[in-house]
Amino acid sequence: MAEDKTSEGDHPGEQPRDFIRSRVAEDVAAGKHGGEVHTRFPPEPNGFLHIGHAKAITINFSIAAEFGGVCNLRFDDTNPAREDPKYAAAIEEDLAWLGFSWGDNLFHASDYFEQLYQYALQLVEKGLAYVDDLSAEETREYRGTVNAAGRKSPFRERSVEENLDLFRRMRAGEFSDGARTLRAKIDMASPNMNLRDPAIYRIRKVTHQRSGDEWPIYPMYDFAHGLSDSIEGITHSLCSLEFENHRPLYDWFLDKLGVFHPQQIEFARLNLSFTVLSKRYLTQLVDEGLVDGWDDPRMPTLAGLRRRGYTPEAVRSFLAGIGVAKFNSTVELVLLENALRVELNKTAPRRMAVLDPLKVVIDNWPAGEVDFLTAINNPEDESAGTRTVPFSGELYIEQGDFKADPPKKFWRLAPGNEVRLRYAFYIKCTSFETDPETGDVTLVHATYDPETRGGDSPDGRKIKATLHWVSAEHSFEADVRNFDHLFQTPNPMAGDDKTKFKELLNPDSLGLKTGCKLEPGLAEAQPGERYQFERLGYYCVDTRLSAPQAPVFNRAVALRDSWAKVQARG
RNA sequence: UACCCCAUGGUGUAAUUGGCAACACAUCUGGUUUUGGUCCAGACAUUCCAGGUUCAAGUCCUGGUGGGGUAACCA
């Protein structure tokens, strides 16, 4: 079944025709590049992938697959100062988890350092690039502003011979960090800032994670990226909107060098409510210990979502649902959550767990007797079968399922009221005890109807509420984490002050509940397994915090709760 | 104040390229139900504004308005 889902959507025609697919289809129809489609996903190994990256990944891999092509994985490792192989490993793991494969097409921009250097040499020879001695600060000054043209560097008119000599010496390591750069000679007055003689190479005597100390100079993104695309024969370079202004430069390098010319197409990146989708800000949360690492289940990273209990199918289904466009939008988080609910409703076995226990004593239950009842594992999937759960005279139910003074429309347990215990018996509340100090209900007394075993009554009397429960003596205690939104506001990045977002973190996002009472079979639950706790939500056994016979559960997503809505309305 | 891009229900996307505005989620109503879950039925938009072309405009043209991006030797 999982196979069906993975291959779904990988066939042309099943995906909605967004503007990118339309353009690619046109190119294929026109026989461009022999009708071939070849894409790539080019992450920089300097952080973990998040759901926003998953959008870019899905676009690149799915479009390639739909048109019978392949998608390369290429690490854009041109800045060794801030990159780390540990991130590359995590990225590969996330990609594989999502269900995409790149086969043998795993590349690194650093694979092309020599060829890129040769390309740069060609530009110098053509008089299209020059070595500049201006400092970083001077360069900024000379560049001008969006409203004022820049000025030409005094080193702009060096001869080809001198530039060649200087650039070769840069490569030989003769100059110190930042002493010179190689710049493209384009137009210091261009209204597009990217065209004001952008840097192509900078001097950085930093050991590279793959090429070691072979290179004292490293190419800049605009130069390395487009030419890497070209070297790999990428036909469609699909990236996010902020690179739109870079496309003229992307094209310029390829045109001037006369090499294979991929088409860059930009789409809007994903924004999700109640979270942040920027590697820079997520890195701050991790580094400052505001979350428990990149795979904290509250994080929108793929590692976090995975640990929380999301499935790759749910993530892909969500991504397919939101489409692809150029409009800068914010998708409601509930859409992601719903995608997971839809899948888990069909696949997750049901279990009973009481998170906020309240003890119920069945006063007419035969002392010491234990009954074993049959419970359906998944009403949506008959093949999931049934299981047996023990029932006794002392039970736990949810505190919220009893009210001494029930409000209107409250159908659950209350003095004199009868409810059904799922798969067990009807019980009627006879009395309750309270804590004299706090007034909290501490114990509920009830009687059961022996005729209702299994949850049906021979007289067919209607019962409005069905409660989940566990037998006190048979249950075991566990920690359950009822996660809430990482941020308190739908758009933490709204204000002008982008440093403010950390103040908007939701202090209650962890939702830790200890001493929860779970049905006995759950003690065997294995890390990564997902269950529906009846009437509560979908939970996943944490892969880090669980121990044998001591699972810790993460709430992946809550069930819809229409009673909560009624209550909220008053 | 320069350049580039964008604008369709509450949210995100469609609309066979000029022909009855569709789908999902959300919200609200009702029904079914041994999960207040699932499922089923119904409700919810004069397509940013103003002109123009046309028998016909979400779609084409002109002009506004609003939003996003851009001034790293980051990617």
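Residue numbering restarts at 1 for every chain, and letters A, B, ... go by the order of the sequence lines.
Using a 4.0 Å heavy-atom cutoff across all strands shown, A:Val566 reaches no nucleic acid atom at all. Nucleic acid contact class of A:Glu266 (heavy atoms, under 4.0 Å, all strands): none. Counting non-hydrogen atoms under 4.0 angstrom, A:Tyr423 reaches a base of the nucleic acid. When heavy atoms are screened at a 4.0 angstrom cut-off, A:Arg247 is found touching no nucleic acid atom at all.
Using a 4.0 Å cut-off between charged nitrogen and carboxylate oxygen, A:Lys428 and A:Asp449 do not count as a salt-bridge pair. Here A:Asp197 does not pair with A:Lys152 in a salt bridge; the nearest charged N to carboxylate O distance is not below 4.0 Å. Salt-bridge annotation for A:Glu519 and A:Arg387: present, with a side-chain N of the basic residue lying under 4.0 Å from a carboxylate O of the acidic one. A salt bridge is defined here as a Lys NZ or Arg NE, NH1 or NH2 lying under 4.0 Å from an Asp or Glu carboxylate O, and A:Glu232 with A:Arg74 meets this definition.
Across every non-hydrogen atom of A:Val389 and A:Ala375, the tightest pair is CG2-CB, 4.4 Å.
B:A15 is unpaired under the criterion used here, namely a Watson-Crick or G-U wobble arrangement in which both key atom distances are under 3.5 Å. B:A2 and B:U70 make up a base pair, with Watson-Crick or G-U wobble contacts both under 3.5 Å. Nucleotide B:A43 forms a Watson-Crick or G-U wobble pair with B:U27, both donor-acceptor distances falling under 3.5 Å. Searching all strands for a Watson-Crick or G-U wobble partner of B:U59 with both distances below 3.5 Å returns nothing. If you check B:G9 for Watson-Crick or wobble pairing at under 3.5 angstrom, you find it has no partner at all.
Taking the six-membered ring for Trp and thresholds of 30 and 60 degrees, A:His225 and A:Tyr250 have ring planes inclined between 30 and 60 degrees apart. Ring geometry, A:Tyr539 versus A:Phe533: the interplanar angle falls under 30°, so the pair is classed parallel (tilted spans 30 to 60°).
With hydrogens and angles ignored, no donor-acceptor pair under 3.5 angstrom links the side chain of A:Gln567 to the base of B:G36.
Distance noted for atom C1' between B:A7 and B:A71: 27 Å (whole Å). Going from the P atom of B:U47 to that of B:C20 covers 15 Å, rounded to whole Å.
Side-chain atoms of A:Arg196 never come within 3.5 Å of backbone atoms of A:Tyr142 as a donor-acceptor pair (strictly under, hydrogens ignored).
Considering only side-chain atoms of A:Trp411, the nucleotide from B:G36, B:C6, B:U35 that sits closest is B:G36.
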Exercise. Nucleotide by nucleotide, 5' to 3', does protein get under 4.0 Å of the base (B), only the sugar-phosphate (S), or neither (-) in nucleotides 64-75 of chain B, counting heavy atoms?
Worked result: ----SBBBSBBB

Problem set entry | Per-nucleotide protein contact string for nucleotides 19-29 of chain B, where B marks a base within reach and S marks sugar-phosphate only (heavy atoms under 4.0 Å, - for neither) | ------SSSSS

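A:Ile362 has its side chain within reach of A:Val360: a pair of non-hydrogen atoms, C-beta onward, lies under 4.5 Å apart.
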